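Before any comments, here is the structure.
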There are 2 protein chains.
Amino acid sequence: MDHWDEVRMFLAVAEGGTVRAAADALAVNHATIIRGIGRLEEKLNTKLFDKLPSGYRLTDAGTDIVELAGQMSMASSQIEAKIFGRDQSVSGPLRLTLPVSFATDLLMPTLVEFRAAYPDIALEIIGSLSVVNLGNREADVALRVVIGDGTPPDKLYGTRLCEFHTGFYVQRNLMTARSTPAAWLLGTNEVIPSDWDPQGGIRMTTTPIRFAEMRSQFEAARAGMGITVLPCFLGDADPMLVRVPGSPVKPTGDIWLLTHSDTRQTKRVRLLCDHIRTAMQGFAGRMAGRIESGDSELL
Amino acid sequence: MDHWDEVRMFLAVAEGGTVRAAADALAVNHATIIRGIGRLEEKLNTKLFDKLPSGYRLTDAGTDIVELAGQMSMASSQIEAKIFGRDQSVSGPLRLTLPVSFATDLLMPTLVEFRAAYPDIALEIIGSLSVVNLGNREADVALRVVIGDGTPPDKLYGTRLCEFHTGFYVQRNLMTARSTPAAWLLGTNEVIPSDWDPQGGIRMTTTPIRFAEMRSQFEAARAGMGITVLPCFLGDADPMLVRVPGSPVKPTGDIWLLTHSDTRQTKRVRLLCDHIRTAMQGFAGRMAGRIESGDSELL
DNA sequence: AAGAGGATGTGCAATATCGCACCACTCCAG
DNA sequence: CTGGAGTGGTGCGATATTGCACATCCTCTT
């Protein structure tokens, strides 16, 4: 090993003048300093200090290298400062992953706000459903819908923000006509809901229509193609859509805010989490499918 | 303690790309590197490397501090150099780096002489072509072939010793037979010389043969495998080889003797440089490919 | 002169570090 | 698909480092 730690001891003694002062400065025992200096002198094969009764005094050789040792110390300090600065600065990269619909239809104003408040943070938004991103360190913060009461995976810290409800939605005009046949609009792997049958004039076709993307499914519902299951915050907010009368509003999970244990203490991450948490508190009613006062148009 | 040694490990891994390379470079066990990096990451509370199956790759944070770690390493090297430079005794370590062929086939008697004259100097001979060794203080004196008129890099002092010529060589018997097909014998990255075609009965095969090491290339030429470019001092000295008739002898650079500014004034370094310089003066003719009087056997 | 205080050294036990041998995994060629 | 060569990771005994307590020496004060 190359005795860099001993150089640090050397510098401490050179600056403090005595072994004890150096030991105090480095928060170690003074014996450690004595032996460290001994190892360094042996390795360099050179006396670095005159050991006087009043303390250690630099020899010529020691004087020659004290400035270089200072350069090492300077660089070391800058390393710590740089790492600390990375954590605490409100600039630099910050990756957020969340379901696409949350980004486009719910949190976009919130994110715009955040961007305006901290313009030096390079926010990167990754639309995805998989939790892997966090474990992979592909993202720093993740907003996820957790079914059941799942404990966050290893190394991840999570905060439960609010409930998440879904409902059955259909185009408003289709509802008033009361006679048009409608199709089930499903995602790729979804099955036709078996716990509820539409009534009140809606006649379902036997063949469902499947979509590879959530967005096209949503637009198909707005265009009057049929009935689909949507997050309440999406369906209730769209004037083209109404809940199917008699259909249930079901809790289908909770919204969690997940962070990686390594980065959750950095300022950037905390700022973003606080921002999202505050915003989501305001959205809790919409997320749970509760109709706000004044929005009585729906039922 | 402040983990300066761990910074050294970090730098070694950053430069080597893998834990094992770093372990080899620092001459420690690879487990030590893994734990050292672990301690450093824990101390800085930041991931410095992505641990991929193919090796360690720097994270953003790691990239931020690799240059500062380099500054520490630089300062550490200069400390060693400064201390070494104070040592005026004719004993102790002294490292010389030069191309392998120069050591084995030209300067070995000179070095034996030097060793006999100063038996207390622990001479270490490092066969290498890279100039980095000096700046890193992996060596104290370097003998190098400099293409063009390169000024020595920062902090290095250089003396131009003599010219350096190369020629085309082939086995003597192959030449007298005048009918045997021969191959181009090339180093790993060399290309077939386009400025000269062998004539006079030598028929070249289309497929060159490549060698990873200079030595095997040389021996292949001696065994009659084909034609190769060699330093004149090598080719002319070997009775098995002759220059290909009609082939040019080209100047391909100059021989420089390089020393580090901090150590060039020490007695050991000056003694070795003087010794080598004197010897190379006697070799100037051979280096330039000039045939000494009495050696008229060749042309 | 004697003692207090501050300095450098040192024996010994606790602790941390290291090296060896081994494991698991990935990649790639045969 | 299998074996070898590369990678990182880990348990355990050996080794080195550290911290504590104590010893020694010098100086200055009382």
Side-chain angles (χ1 to χ4, degrees), chain A residues 1-59 61-63 66 76 132 135-138 153-155 260-262, chain B residues 1-59 61-63 66 76 212:
Chain A
M1 204 61 331
D2 232 27
H3 299 269
W4 282 21
D5 276 338
E6 281 78 359
V7 174
R8 177 166 169 75
M9 298 185 197
F10 160 81
L11 185 62
V13 175
E15 287 175 343
T18 71
V19 171
R20 298 194 88 88
D24 291 345
L26 299 186
V28 296
N29 194 278
H30 79 281
T32 304
I33 302 290
I34 290 176
R35 290 160 182 152
I37 299 297
R39 281 193 299 272
L40 187 61
E41 289 184 335
E42 190 177 1
K43 195 250 172 182
L44 296 176
N45 199 27
T46 306
K47 281 264 185 300
L48 297 174
F49 293 102
D50 289 323
K51 281 84 170 183
L52 307 176
S54 59
Y56 274 31
R57 193 180 57 194
L58 283 166
T59 62
T63 309
V66 67
S76 170
V132 188
N136 247 355
R137 303 280 316 253
E138 292 171 12
D154 198 24
K155 287 273 181 183
H260 198 278
S261 59
D262 288 332
Chain B
M1 204 60 333
D2 232 27
H3 299 271
W4 283 20
D5 276 337
E6 281 77 0
V7 174
R8 179 167 168 73
M9 298 186 197
F10 160 79
L11 185 62
V13 175
E15 288 176 343
T18 70
V19 169
R20 294 192 122 83
D24 291 344
L26 299 186
V28 295
N29 193 279
H30 81 281
T32 304
I33 301 290
I34 291 177
R35 290 160 181 155
I37 298 298
R39 282 194 297 273
L40 187 61
E41 289 184 334
E42 192 176 358
K43 195 250 174 182
L44 295 176
N45 200 26
T46 305
K47 281 264 186 303
L48 298 173
F49 292 102
D50 287 323
K51 281 83 170 181
L52 307 177
S54 58
Y56 275 30
R57 194 180 55 195
L58 283 167
T59 61
T63 309
V66 67
S76 170

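By convention in this document, chain letters (A, B, ...) are assigned in the order of the sequence lines, proteins followed by strands, and residues within each chain are numbered from 1. Since this is a predicted model, take the numbers as computed values, not measurements.
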Discussion item. Generate the contact string for nucleotides 25-30 of chain C. Rules: B means base contact, S means sugar-phosphate contact only, - means no protein heavy atom under 4.0 Å.
Written reply: -S----
Item to complete: Compare the minimum distances between each of dC12(D), dT8(C), dG9(D) and the side chain of Lys51(B), then state the nucleotide with the smallest one.
Response: dG9(D)
Fill in: Spatial distance of atom CG (Leu11(B)) from atom CD (Glu6(B)) [nearest 0.5 Å]
13.5 Å
Worksheet item: Rounded to whole angstrom units, what separation is found between the CG atom of Leu26(A) and the P atom of dT17(D)?
Response: 17 Å
Practice prompt. Could you tell me which residues satisfy salt bridge (charged side-chain N to carboxylate O under 4.0 Å, His left out) with Lys51(A), sequence neighbours excluded, listed by chain and number?
Written response: Glu41(A)
Fill in: Spacing of Ile37(A) atom CD1 relative to dA7(C) atom C1', expressed in whole Å
15 Å
Worksheet item: Between atom CG in Asp50(A) and atom P in dG9(C), what is the gap in whole Å?
Response: 11 Å
Worksheet item: Are any of Ser54(B)'s side-chain N or O atoms less than 4.0 Å away from OP1 or OP2 of dT7(D)?
Response: no
Worksheet item: Do the side chains of Leu40(B) and Met9(B) get nearer than 4.5 Å, heavy atoms only?
Response: no
Worksheet item: Can you list every salt bridge (charged side-chain N to carboxylate O under 4.0 Å, His left out) pair that touches residues 13-24 of chain B, not counting sequence neighbours?
Response: none
Worksheet item: Taking the nucleotide of DNA chain C with the closest heavy atom to each, which residue, Gly55(A) or Ala31(A), is nearer the 5' end?
Response: Gly55(A)
Worksheet item: Rounding to a whole Å, what distance do you find between Arg8(A):CZ and dT17(D):C1'?
Response: 17 Å
Discussion item. From CZ of Phe49(B) over to P of dG8(D), roughly how many Å is that when rounded to an integer?
Written reply: 10 Å
Practice prompt. For Ala61(A) and Thr46(A), work out which heavy atoms get closest and say how close.
Written response: CB-CG2, 3.4 Å
Worksheet item: Residues in salt bridge (charged side-chain N to carboxylate O under 4.0 Å, His left out) with Arg57(A), at least two apart?
Response: none
Worksheet item: Tell me, which pairs form a ring pair (Phe, Tyr, Trp, His ring centres under 6.0 Å) where one or both residues lie in residues 5-46 of chain A, sequence neighbours left out?
Response: Phe10(A)-Phe49(A)
Discussion item. Can you tell me if Tyr56(B) touches the phosphate of dG6(D), counting only side-chain N or O atoms and a distance under 4.0 Å to OP1 or OP2?
Written reply: no
Worksheet entry | Chi angles and distances behind the side chain to side chain contact (heavy atoms under 4.5 Å, CB included) call for Val13(B), Thr18(B) | CA-CA 6 Å; Val13(B) 175; Thr18(B) 70; over 6 Å; no
Discussion item. Once side chain to side chain donor-acceptor pair (under 3.5 Å) is applied, do any residues pair with Ser76(A), and if so which ones, sequence neighbours excluded?
Written reply: Trp4(B)
Item to complete: Ignoring the backbone of Asn29(A), work out which of dG19(D), dG8(D), dC12(D) is nearest its side chain.
Response: dG19(D)
Item to complete: With sequence neighbours excluded, tell me which residues meet salt bridge (charged side-chain N to carboxylate O under 4.0 Å, His left out) with Arg35(A).
Response: none
Item to complete: Take the protein atom CD1 of Ile34(B) and the nucleotide atom P of dG6(D), then report the distance between them rounded to whole Å.
Response: 17 Å
Worksheet item: Which of these nucleotides, dG19(D), dC22(C), dC18(C), is closest to any side-chain atom of Arg39(B)?
Response: dC18(C)
Fill in: Leu48(B) side, atom CG; Leu58(B) side, atom CG - distance, nearest 0.5 Å
8.0 Å
Item to complete: Indicate, yes or no, whether a donor-acceptor pair under 3.5 Å links the base of dG9(C) to the side chain of Arg35(A).
Response: no
Worksheet item: To the side chain of His30(B), which of dG9(C), dT10(D), dG19(C) is closest?
Response: dT10(D)
Fill in: Stretch residues 13-22 of chain A: residues that reach within less than 4.0 Å of DNA chain C through a heavy atom
Thr18(A), Val19(A), Arg20(A)
Item to complete: Can you pull out how bent the helix from dA1(C)-dT30(D) to dG30(C)-dC1(D) is, comparing the axes over its first five and last five pairs, to 10°?
Response: 10°
Practice prompt. With sequence neighbours excluded, tell me which residues meet side-chain contact (heavy atoms from CB on, under 4.5 Å) with Asn29(B).
Written response: Ala31(B), Thr32(B)
Practice prompt. Rounded off to whole Å, could you give me the CG-to-C1' distance for the Leu52(A) and dG9(C) pair?
Written response: 15 Å
Worksheet item: What is the distance from NZ of Lys43(B) to P of dT17(C), rounded to the nearest Å?
Response: 14 Å
